[in-house]
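Below: one structure, written as structure tokens.
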Amino acid sequence: MSLTPQQASEKAKSICSLAPIVPVLVVEDAATAKPLAQALVNGGLPALEVTLRTPAALDVIREMSQVEGGVVGAGTLVTPEDAIAASRAGALFGVSPGATDELLETCEALGLPLLPGAATASEAMRLLSRGYDMLKFFPAEASGGAPALKAIGAPLPQITFCPTGGVSPENANTYLSLPNVVCAGGSWVAPKAMVQAGQWDEITALAADASTLGAA
């Protein structure tokens, strides 16, 4: 069922509100997908962004989608074909580093809630004019970090963001303290070495720590 831009953005915001951190996952081996997803969900991070940066990514989405309590999305959506493939693999939401009319139209037609990327006020205003008020701020640190996002929020308070790109345990609370930030995307909760070694309890512990970030 297709979505209007407003409906898509509302659904994306609802997913972003599930936890303060959305794990940004680059997974090489689909065999690790289920236990990785289970470890992150067990730690309190149910919304999972699987980036389409590896040949295994679509299989990873299929596997992770079977984990109870997980809400699995696809990141690095760049083309309409990316969105179609991700949706067919079972992705429940999409994330893009930017936005094109073609990508937005395809996701709306697919009924795939999209978190489109913006790094400037003009990009954010363009998306807002289409109906999107929940955006990805990317690349966060390279675009000026929390001070830049705070500054954008002053004239555009109706837009909320998920900053991604350079977000770490050290600076996450700075982002999460901003009134226009719903959550942040981070990759540190699933270190490559831990995933390869099958250290699921350790990943659950990292996720549990991340799930408390931003708490007053």
Side-chain angles (χ1 to χ4, degrees), residues 2-26 40 45-53 57 61 64-65 70-80 82-87 89-121 123-143 148-149 152-153 156 158-167 172 175-176 178 180-187 189 210 214:
S2 63
L3 294 171
T4 66
Q6 292 82 3
Q7 290 170 331
S9 210
E10 183 179 336
K11 285 181 176 289
K13 187 172 185 177
S14 176
I15 292 168
C16 285
S17 300
L18 292 173
I21 299 297
V22 175
V24 179
L25 307 171
V26 182
L40 292 166
L45 302 182
L48 310 173
E49 177 190 339
V50 178
T51 64
L52 300 187
R53 301 182 196 173
I61 291 171
M64 286 190 171
S65 295
V71 181
V72 183
T76 328
L77 299 185
V78 177
T79 67
D82 290 338
I84 293 168
S87 180
L92 297 179
F93 66 98
V95 184
S96 175
T100 66
D101 289 336
E102 293 81 7
L103 180 62
L104 294 168
E105 290 164 4
T106 299
C107 288
E108 290 159 12
L110 289 168
L112 184 69
L114 181 69
L115 189 64
T120 67
E123 291 169 352
M125 287 169 62
R126 180 181 174 277
L127 286 161
L128 180 64
S129 72
R130 188 181 175 98
Y132 289 84
D133 61 4
M134 178 71 218
L135 311 178
K136 171 180 174 174
F137 182 60
F138 176 84
E141 283 292 284
S143 299
L149 193 49
I152 289 174
L156 299 170
Q158 65 272 58
I159 302 177
T160 51
F161 293 89
C162 170
T164 303
V167 179
Y175 283 104
L176 293 168
L178 298 177
N180 59 340
V181 169
V182 175
C183 66
S187 59
V189 292

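Here the structure is a predicted model, which is why all the values come from computation and not from measurement.
- Results of the side chain to side chain contact (heavy atoms under 4.5 Å, CB included) test with Cys107 over Leu115, Leu112, Ile84 single out Leu112 as the only residue that passes.
- Checking side-chain atoms of Ser143 against main-chain N and O of Pro139 turns up a donor-acceptor pair under 3.5 Å.
- None of Val78, Asp82, Leu135, Leu103 except one satisfies the side chain to side chain contact (heavy atoms under 4.5 Å, CB included) rule with Ser96; the exception is Leu103.
- Heavy atoms of other residues, nucleotides or ligands lying less than 6.0 angstrom from CD of Glu10 number 12 at most.
- Asp101 is listed as a side-chain neighbour of Arg130, based on a closest heavy-atom distance under 4.5 Å.
- Inter-residue side-chain proximity for Tyr132 and Leu104 is flagged as met; some heavy-atom pair is nearer than 4.5 Å.
- Considering only heavy atoms from C-beta on, Pro163 comes within 4.5 Å of Val181 through its side chain.
- Residues Val22 and Val95 are not in side-chain contact: their nearest non-hydrogen atoms beyond the backbone lie 4.5 Å or more apart.
- Here the side chain of Ser17 pairs a donor or acceptor atom with the backbone of Lys13 at under 3.5 angstrom.
- Two residues are said to be in side-chain contact when any heavy atoms from C-beta on lie closer than 4.5 Å; Ile159 and Asn180 fail this criterion.
- The side-chain hydrogen bond (donor to acceptor under 3.5 Å, both in side chains) search around Thr164 returns none, not counting sequence neighbours.
- No donor-acceptor distance shorter than 3.5 angstrom exists from the side chain of Asp133 to the backbone of Ser9, with no hydrogens or angles considered.
- Residues Leu149 and Tyr175 form a side-chain contact, since some pair of their non-hydrogen atoms from C-beta on lies under 4.5 Å apart.
- In this structure, Phe161 and Leu178 have side chains that are not in contact, with every pair of non-hydrogen atoms separated by 4.5 Å or more.
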